[in-house]
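Just so you know, ligand 1 is whichever comes first in the structure, and atom 1 is the first atom listed for that ligand. Keep in mind it's a predicted model, so treat the numbers as computed, not measured.
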Amino acid sequence: MARKKFIAGNWKMNTTLEEAVALAKGVADAVGKQSDVDVAVCPPYISLSAVAEAVKGSNVKLGAQDVHWEAKGAFTGKVSCAMLKSVGVTYVIIGHSEQRQYFGETDETVNKKIKAALAAGLLPIVCVGETLDERKGGKMDAVIERQTRGAFVDISAGDAAKCTIAYEPVWAIGTGETATPQQANEAHIFIRNILTQLYGKETADGLRIQYGGSMKPDNAKELLAQSDVDGGLIGGAALKAGDFAGIVQPK
Ligand code: PEP
């Protein structure tokens with residue numbers, strides 16, 4: 001099945017309001033007219049509205065970096081799905097390794113967030129991936145399987161089909177280390193097999209699996225040429241419009 005590639009930029013805790021608007025305009029100018037690849041940018045919460053305005057009329061969609069599962073109330077510092085919808089967000093990253101590593105994200109909270117996002121009409125980008133210790137200790141498959149199955153507990157095939165998975169080996173995030181195209185593809189095929197067990201071949205074949213981990217213009221082409229690499233979740237290289245565009249349209 002032909003899956004349209006999907007490249008999303010995760011700006012993490014970078015960019016002031018002014019910088020975010022400038023970067024968003026740069027991305028929209030560079031790749032906002034093409035429609036061969038789905039493109040999204042995920043700025044910090046405080047810049048979502050302004051970035052929505054900056055990419056208006058282009059094919060660049062807006063994503064958020066996280067969301068809380070509760071609808072409203074006494075949850076200081078948190079942002080709900082309805083709030084994200086109200087400023088024009090389409091996608092939401094859920095379960096990023098930095099959330100898991102530093103902020104207590106678990107497979108259970110990932111699952112709650114995915115359910116809340118889907119109920120609100122947001123499209124989750126669900127992150128899974130092993131640490132270096134887990135890989136070296138031969139636990140890679142078990143970790144990826146636990147995270148993938150945990151994310152999709154009690155989620156129907158119809159809802160799962162609205163999700164994107166991002167395979168992000170933690171050891172390759174922000175380190176300059178990249179999984180080889182073969183390593184990435186093997187992990188993607190492993191994840192797709194789990195999705196096939198959960199939802200059947202048709203749904204699993206339709207789901208997009210992005211690779212994330214030091215993807216750059218000069219390694220994007222080979223990674224994206226793999227059979228099961230359907231796009232990228234980009235950190236560092238998403239902070240320069242030219243680099244990000246070079247991944248959307250690699251030479
Ligand atoms: C990420 O954190 O999602 C990521 C892939 O970061 P980087 O591209 O900087 O490795």
Side-chain angles (χ1 to χ4, degrees), residues 5-15 19-20 23 26-27 31 37-45 47 51 60-67 89-103 105 110 113-114 117 123-132 134-135 140 143-144 147-148 151 163-181 183-185 187-188 191 208-224 226 228-250:
K5 303 272 194 234
F6 175 25
I7 306 288
N10 172 13
W11 297 359
K12 308 193 183 189
M13 198 173 74
N14 294 294
T15 67
E19 289 164 350
L23 178 54
V27 171
V31 292
V37 177
D38 286 338
V39 175
V41 292
C42 307
Y45 285 143
S47 299
V51 168
V60 178
K61 296 277 188 275
L62 189 62
Q65 298 176 18
D66 188 26
V67 71
V89 167
T90 299
Y91 296 100
V92 58
I93 298 170
I94 294 176
H96 191 277
S97 63
E98 286 148 19
Q99 282 289 327
R100 294 181 191 259
Q101 217 176 329
Y102 307 132
F103 302 111
E105 186 92 277
V110 167
K113 289 177 182 183
I114 296 172
L123 304 178
I125 299 173
V126 182
C127 301
V128 300
E130 81 287 359
T131 64
L132 189 57
E134 288 162 348
R135 177 175 273 256
M140 175 184 155
V143 169
I144 296 175
Q147 291 177 342
T148 306
C163 297
T164 299
I165 318 281
Y167 168 61
E168 300 207 306
V170 180
W171 48 273
I173 295 182
T175 58
E177 291 275 333
T178 320
T180 65
Q183 283 174 326
N185 206 39
H188 287 218
I191 293 166
R208 293 188 290 198
I209 306 178
Q210 296 173 321
Y211 168 77
S214 300
M215 204 183 211
K216 310 183 239 339
D218 59 7
N219 62 22
K221 193 167 187 171
E222 215 190 330
L223 283 160
L224 293 168
Q226 303 302 308
D228 285 72
V229 177
D230 308 314
L233 182 56
I234 318 301
L239 295 173
K240 285 193 182 142
D243 286 351
F244 187 66
I247 296 173
V248 174
Q249 295 173 315

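- Remark: ligand 1 and H96 share an N or O pair separated by less than 3.5 Å (distance only, no angle test).
- Between G236 and ligand 1, a contact under 3.5 Å exists for at least one N or O pair.
- For E130 (side chain) and I144 (main-chain N/O), no donor-acceptor pair under 3.5 Å exists by modelled atom type.
- Applying the side-chain contact (heavy atoms from CB on, under 4.5 Å) criterion to L123, with sequence neighbours excluded, gives T90, Y91, K162.
- With C42, A172, G235 as candidates, the residue nearest to atom 4 (C) of ligand 1 on a non-hydrogen basis is G235.
- Given atom 3 (O) of ligand 1, the protein heavy atom at minimum distance is E168 OE2, 2.7 Å.
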Taking only distance into account, with no hydrogens and no angle test, what donor-acceptor pairs under 3.5 Å do side-chain atoms of residues 95-102 form with protein atoms, sequence neighbours excluded?
residue, atom, partner, partner atom, Å
H96, ND1, E98, N, 2.9
H96, NE2, E168, OE1, 3.3
E98, OE2, K12, NZ, 2.8
R100, NE, G95, O, 2.9
R100, NH1, D107, OD1, 2.9
R100, NH2, C127, O, 2.8

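- For atom 2 (O) of ligand 1, the nearest protein heavy atom (residue, atom name, distance) is K12 NZ, 2.5 Å.
- Distances below 4.0 Å separate heavy atoms of G212 from the following atoms of ligand 1: 5 (C).
- Relative orientation of the Y167 and H188 rings is perpendicular, given thresholds of 30° and 60° on the angle between their planes.
- Within the 4.5 Å cutoff, the side chain of Q249 has heavy atoms near those of the V31 side chain.
- Residue A237 places no heavy atom under 4.0 Å from ligand 1.
- Of all heavy-atom pairs spanning S214 and T178, the tightest one is O-OG1, 3.6 Å.
- Using a 4.0 Å cut-off to heavy atoms of G174, the atoms of ligand 1 that qualify are 7 (P), 9 (O), 10 (O).
- Close approach to G213 involves these atoms of ligand 1, each under 4.0 Å from a residue heavy atom: 5 (C), 10 (O).
- Screening T164, V110, V67, I114 for a side chain to side chain contact (heavy atoms under 4.5 Å, CB included) with P124, the sole residue that qualifies is I114.
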